[in-house]
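This is a predicted model, so every value here is computed, not measured.
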Amino acid sequence: RLAGLLACAWAPLDLFYFQVPLPDGLALLLGLVSVVCWLRLERCARGPRRLAWLLALLASALMATLIKNPLYLPFALGLGCDRLARRGPRGLWTRELALLAAALVVAVLGFKLYSNAVNQTAAFLPREEAEAFFGTWQDRLRPRFWRSLGEAFSTRVCPPATSALVLGGLAVTLWRPRARAGLRLGLLAGALLALALFFNRHREHAYYQLPFVPILAGFAGGLPALGLALARRWRSRGLAALTAVAGLGLALLVARQGAAGLALMKADWQPLVAERGDWIAAQTRPDDFVVYVLGLRDDNWDPAPLYFARRDGFNLSRAQVGHARLAELHRRFAGRYARFLVYCPPVALPELEGRLARLGGRPIAEGQPGRIYRLEPAWLRPE
């Protein structure tokens, strides 16, 4: 247990993202709570306590799914695999699993319909949204994508010392009776399935890999536990001492590698986005709508710039900044806000300042972080 806790607590991915205001940490916590509720539910006979654990399971699973669907998928599949290992195929056709499956389906579909209504999306799952989440088959066949994922796992999820503990524990788990290994192996299979299904999200955003950390950490105690069990069976104090010393050495190495991985992730982080966001917040009002110009990609939905700006808005690439797209956004959103603004970073100003001027854009703020333009219906004339 101590080895597992250490592997989870010192994973660079946890150390970094638990300092970031993202909802994924809460979804991960609720997923782990649902596993605890499930195990308690399995031990209870009929009665009020069983009903209480069932309601706690449904509540935690439902909330985790509403926060972020892909993050709860490994836990849902893990619970099903645990029941399958314990009771066989007939164990899957029970009230508890039926209620859990129904709650998850309602949460996924309900949130999708709600988001479609808010975003005024005509199709249930637009093609560009599907590609953004799932990627393409060609993406899954590109070695460079798998190399980048492997690098992320080896530096952020499981550095070498943790990987040694995890692989050893996985081997020990496979030797155990099927019913005892079902939950851990099911969680691991669910995490791998989530990676394969939401490939594009995992490839672009490291925080989608957060469920791997506690799931893999669950295997980390296998080798130390085996060493202590053999020491007890053989009544060998020498083996027990050797296991303790080796465990302590690995613990120190895990902590050291976790700190190094955190430093590497912090070095990759660019505070420029936060600085620009603070500047935009200082130059605008809370009831403004801000179109944020981002790079060259048309599908860049990165929420960080507008998050740090603390404003409602929309991301556009440089090529999308034109009459048609801006007029469409103005029709959809401007009526609910005091002003319709466009933020242009310095690197894009040489390309866009003439174009925005022809559209009637009036600069209202300018500085080192860039320039903010105001557009109004009368000014948004065709180019």
Donor-acceptor list for residues 62-74 side chains, cut-off 3.5 Å, not counting sequence neighbours:
{"from": "T65", "atom 1": "OG1", "to": "A61", "atom 2": "O", "distance (Å)": "2.7"}
{"from": "K68", "atom 1": "NZ", "to": "D24", "atom 2": "OD1", "distance (Å)": "3.4"}
{"from": "K68", "atom 1": "NZ", "to": "D24", "atom 2": "OD2", "distance (Å)": "2.9"}
{"from": "N69", "atom 1": "ND2", "to": "T65", "atom 2": "O", "distance (Å)": "2.4"}
{"from": "Y72", "atom 1": "OH", "to": "S34", "atom 2": "OG", "distance (Å)": "2.9"}

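- Within the structure, every pair that satisfies the ring pair (Phe, Tyr, Trp, His ring centres under 6.0 Å) test and touches residues 87-143, not counting sequence neighbours, is listed here: F134-F198.
- Here the side chain of R201 pairs a donor or acceptor atom with the backbone of A132 at under 3.5 angstrom.
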Please set out all donor-acceptor pairs under 3.5 angstrom arising from side-chain atoms of residues 156-167, sequence neighbours excluded.
{"from": "S163", "atom 1": "OG", "to": "C158", "atom 2": "O", "distance (Å)": "2.8"}
{"from": "S163", "atom 1": "OG", "to": "P159", "atom 2": "O", "distance (Å)": "3.2"}

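- Rounded to the nearest 0.5 angstrom, E204 CD and S148 OG are separated by 10.0 Å.
- For residues 70-79, no pair satisfies salt bridge (charged side-chain N to carboxylate O under 4.0 Å, His left out), with sequence neighbours left out.
- With R140 contributing its side chain and L197 its backbone, the two residues share a donor-acceptor pair below 3.5 Å.
- With a 4.5 Å cut-off on side-chain heavy atoms, F219 and L188 count as touching.
- For E42, the salt bridge (charged side-chain N to carboxylate O under 4.0 Å, His left out) criterion is met by R83, R87, not counting sequence neighbours.
- Contact check for L306 versus D312: no side-chain heavy atoms found under the 4.5 Å cut-off.
- Between atom CG of residue L104 and atom CG of residue L109 there is a gap of 11.0 Å, rounded to the nearest 0.5 Å.
- The line from CG of L185 to CG of L170 is 6.5 Å long, rounded to the nearest 0.5 Å.
- Contact between L97 and G91 at its shortest, heavy atoms only, is CD1-O, 3.9 Å.
- Shortest non-hydrogen contact noted between L149 and Q209 is CD2-NE2, 3.5 Å.
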Report, one line per pair, each donor and acceptor closer than 3.5 Å where one atom sits in a side chain of residues 272-287; sequence neighbours left out.
{"from": "D278", "atom 1": "OD1", "to": "R310", "atom 2": "NH1", "distance (Å)": "3.4"}
{"from": "T284", "atom 1": "OG1", "to": "I280", "atom 2": "O", "distance (Å)": "2.7"}
{"from": "T284", "atom 1": "OG1", "to": "R311", "atom 2": "NE", "distance (Å)": "2.9"}

Going through the checks in order, is the side-chain contact (heavy atoms from CB on, under 4.5 Å) test met by L359 and H323? CA-CA 7 Å; L359 291 172; H323 178 270; 3.7 Å; yes
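- Under the 30°/60° scheme for interplanar angles, the aromatic rings of F145 and F199 are found to be tilted.
- The heavy-atom pair separating C344 from Y373 by the smallest distance is CB-CE1, 4.4 Å.
- Looking at L28 and P214, their side chains come closer than 4.5 Å, going by heavy atoms from C-beta outward.
- Each side chain to side chain donor-acceptor pair (under 3.5 Å) pair with one or both residues in residues 233-244, not counting sequence neighbours, would appear here, but there are none.
- Q320 places a side-chain N or O within donor-acceptor distance of the main-chain N or O of S317, the cut-off being under 3.5 Å.
- No salt bridge links E353 with R358; every basic N to acidic carboxylate O contact stays at or beyond 4.0 Å.
- Within 6.0 Å of the CG atom in L2, the count of heavy atoms belonging to other residues, nucleotides or ligands does not exceed 12.
- A salt bridge is defined here as a Lys NZ or Arg NE, NH1 or NH2 lying under 4.0 Å from an Asp or Glu carboxylate O, and R331 with E328 fails to meet this definition.
- Under the side-chain hydrogen bond (donor to acceptor under 3.5 Å, both in side chains) criterion, R49 pairs with no residue, sequence neighbours left out.
- By the side-chain hydrogen bond (donor to acceptor under 3.5 Å, both in side chains) test, R256 pairs with no residue at all, sequence neighbours left out.
- Using a 4.5 Å cut-off between side-chain heavy atoms of Ile, Leu, Val, Met, Phe, Trp and Tyr, with links allowed through other members, L100 and V33 fall into different hydrophobic clusters.
- Within a 6.0 Å radius of CZ in R40, no more than 12 heavy atoms belonging to other residues, nucleotides or ligands are found.
- Of the inter-residue distances, the one linking C8 atom SG with I215 atom CD1 reads 10.5 Å to the nearest 0.5 angstrom.
- Between L329 and L316, some side-chain heavy-atom pair lies under the 4.5 Å cut-off.
- No donor-acceptor pair closer than 3.5 Å links the side chain of E351 to the backbone N or O of R318.
- Residues passing the ring pair (Phe, Tyr, Trp, His ring centres under 6.0 Å) test with F212, sequence neighbours excluded: F153.
- Hydrophobic clustering (side-chain heavy atoms under 4.5 Å, transitive across Ile, Leu, Val, Met, Phe, Trp, Tyr) groups L32 together with L22.
- R50 CZ to L54 CG: the interatomic distance, rounded to the nearest 0.5 Å, is 7.5 Å.
- Placement of I372 and L375 in two distinct hydrophobic clusters is found when ILVMFWY residues are connected by side-chain heavy-atom separations under 4.5 Å, directly or transitively.
- Side-chain contact between Y17 and M265: present, with at least one pair of heavy atoms (C-beta onward) separated by less than 4.5 Å.
- The pair R147-E151 fails the salt-bridge criterion, with no side-chain N (NZ, NE, NH1 or NH2) lying under 4.0 Å from an Asp/Glu carboxylate O.
- Annotation: side chain of V291 is not in contact with side chain of Y343 (no heavy-atom distance under 4.5 Å).
- Nearest heavy-atom pair across G190 and L77 is CA-CD1, 3.8 Å.
- The closest donor-acceptor contact from the side chain of D139 to the backbone of T136 lies under 3.5 Å.
- In terms of hydrophobic clustering, with Ile, Leu, Val, Met, Phe, Trp and Tyr side chains grouped at heavy-atom distances under 4.5 Å, L253 and L223 are assigned to different clusters.
- Here L55 is tied into one hydrophobic group with L51, each link being a pair of ILVMFWY side chains closer than 4.5 Å.
- When every heavy atom of W53 is checked against every heavy atom of C44, the shortest pair comes out as CD1-SG, 3.7 Å.
- Put simply, the side chain of L125 does not reach to within 4.5 Å of the side chain of N116, judged on heavy atoms.
- For the residue pair A220 and A7, the shortest heavy atom distance occurs at CB-CB, 3.9 Å.
- Here L183 contributes atom CG and D82 contributes atom CG; the two are 4.5 Å apart, rounded to the nearest 0.5 Å.
- In terms of modelled atom types and a separation under 3.5 Å, the side chain of R371 and the main chain of P345 share no donor-acceptor contact.
- For L294, the side chain to side chain contact (heavy atoms under 4.5 Å, CB included) criterion is met by Y292, N300, P305, N315, not counting sequence neighbours.
- Linking Ile, Leu, Val, Met, Phe, Trp and Tyr whenever their side-chain heavy atoms come within less than 4.5 Å leaves F289 and I364 in two separate clusters.
- Under a 3.5 Å cut-off, the side chain of R355 and the backbone N or O of G322 do not form any donor-acceptor pair.
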